[in-house]
Structures are given as structure tokens and as C-alpha cells.
Q: 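My questions all concern the structure below.
Starting from 1, each residue takes its place in the sequence as its number. Excluded from the calculations below are hydrogen atoms, water molecules and symmetry mates; all remaining heavy atoms, backbone and side chain alike, are included.
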Amino acid sequence: VQLVESGGGSVQAGGSLRLSCVYSGFSHGTYAVGWFRQAPGKDREGVSCISTSDEKPFYETSVQGRFTIYKNSDANTLYLQMDNLKPEDTAVYYCVGTQPANYGCAGMYEHEYDYWGQGTQVTVSS
């Protein structure tokens with residue numbers, strides 16, 4: 001499985017960015033894709049994910065109502081629309097994947113995700 005992110009950058013607080021992740025290599029069956037992030041000096045945290053088993057998005061509490069995850073299955077592309085960005089959203093964002101994902105993806109733990117992209121930097125200035 002390969003995951004290639006794009007779309008990071010710098011923006012002022014209150015602004016928006018959209019991250020993209022082109023994924024390939026999942027075999028037939030359910031899988032989950034999503035996003036982790038790692039801020040300087042902090043542990044990685046799960047931000048959002050979606051599974052093909054139920055198509056129900058999961059969001060970490062601090063991004064609920066501001067971030068939207070969606071995918072274009074025909075194009076094998078995952079997106080994270082980030083609105084009303086805050087300085088605390090500054091981090092390296094990683095596209096992640098796992099297979100199988102028969103029970104959705106509620107809650108995100110690093111050990112559950114076998115596949116990781118290279119990361120893309122998001123910087124939000126105040």
C-alpha cells in the first residue's frame with residue numbers, strides 16, 4: 001500500500017487548507033484511511049478517519065465541526081478539508097491506512113495503522 005499526501009502549507013488563523021492523499025494497493029475487502037498529526041514536542045494523535053465498512057467518519061474532539069474527511073473512491077483519493085484553522089493545528093499531517101477494517105474506525109491508535117505516508121507540514125500563524 002502506498003499513500004502520498006499533498007496540500008500542506010502556511011495559513012493564518014481562521015483560514016482553510018485541504019489535504020489530499022492518493023492511496024493505492026489495498027486488496028479487495030474493507031479498509032480504513034485517515035489522518036494523524038504530530039506537533040513539535042508532542043505525540044502523534046489521530047485526527048480523523050473513515051472506513052469502507054460503514055463510511056462513518058471519526059473526528060478527534062478538537063477538530064469536530066472544523067475538519068471534514070471525505071474520499072473519492074473512483075480516484076482512490078482521500079481529503080481532509082480544514083476550516084477555521086487554529087495555531088494549535090500546526091503539525092505534520094500523515095495519511096494512514098489499514099486493512100481490514102470491518103468495524104469502522106472509531107477511535108484512532110497508531111498501532112492499528114500499518115501504512116503511513118511521508119507527511120505534509122501545516123503551519124497556522126496567529
Q: Side-chain donor-acceptor contacts of residues 21-28 below 3.5 Å, not counting sequence neighbours, with atom names and distances?
A:
{"residue": "Tyr23", "atom": "OH", "partner": "Tyr31", "partner atom": "OH", "Å": "3.3"}
{"residue": "Ser27", "atom": "OG", "partner": "Gln99", "partner atom": "OE1", "Å": "3.1"}

Q: Sequence neighbours left out, what passes side-chain hydrogen bond (donor to acceptor under 3.5 Å, both in side chains) with Ser73? Give chain and number order.
A: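 For Ser73, the residues satisfying side-chain hydrogen bond (donor to acceptor under 3.5 Å, both in side chains) (neighbours in sequence not counted) are Lys71.
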
Q: Going by the disulfide (SG to SG under 2.5 Å) test, which pairs reach into residues 43-81, not counting sequence neighbours?
A: Cys49-Cys105

Q: Sequence neighbours excluded, which residues qualify as side-chain hydrogen bond (donor to acceptor under 3.5 Å, both in side chains) partners of Gln12?
A: none

Q: Would you say Ile50 and Leu78 make side-chain contact, with heavy atoms under 4.5 Å?
A: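 In short, these two side chains touch, coming nearer than 4.5 Å.
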
Q: Suppose the criterion is ring pair (Phe, Tyr, Trp, His ring centres under 6.0 Å): which pairs have a residue in residues 41-83, not counting sequence neighbours?
A: Tyr70-Tyr79

Q: Any disulfide (SG to SG under 2.5 Å) involving residues 58-93? Give me the pairs, sequence neighbours left out, ordered by first then second residue.
A: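 Not a single pair qualifies under disulfide (SG to SG under 2.5 Å).
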
Q: For residues 84-93, pull every pair meeting salt bridge (Lys or Arg N to Asp or Glu O under 4.0 Å), keeping only residues two or more places apart or in separate chains.
A: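 Found Arg37-Asp89, Arg66-Asp89.
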
Q: Sorted by first residue and then second, give each side chain to side chain donor-acceptor pair (under 3.5 Å) pair with at least one member in residues 100-114; sequence neighbours left out.
A: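 Pairs touching residues 100-114 that pass the test: Thr30-Asn102.
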
Q: With salt bridge (Lys or Arg N to Asp or Glu O under 4.0 Å) as the rule and sequence neighbours excluded, what pairs involving residues 96-105 come up?
A: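 Qualifying pairs, neighbours excluded: none.
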
Q: Taking only residues two or more places apart in sequence, or in another chain, which ones meet Gln121 in a side-chain hydrogen bond (donor to acceptor under 3.5 Å, both in side chains)?
A: Thr123

Q: Can you confirm whether more than 12 heavy atoms, excluding those of Gln2, are under 6.0 Å from its CD atom?
A: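 Counting neighbours around CD of Gln2, 12 or fewer heavy atoms of other residues, nucleotides or ligands fall under 6.0 Å, so no.
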
Q: My understanding is that only residues two or more places apart in sequence, or in another chain, count here; which of them pass side-chain hydrogen bond (donor to acceptor under 3.5 Å, both in side chains) with Gln118?
A: Glu5

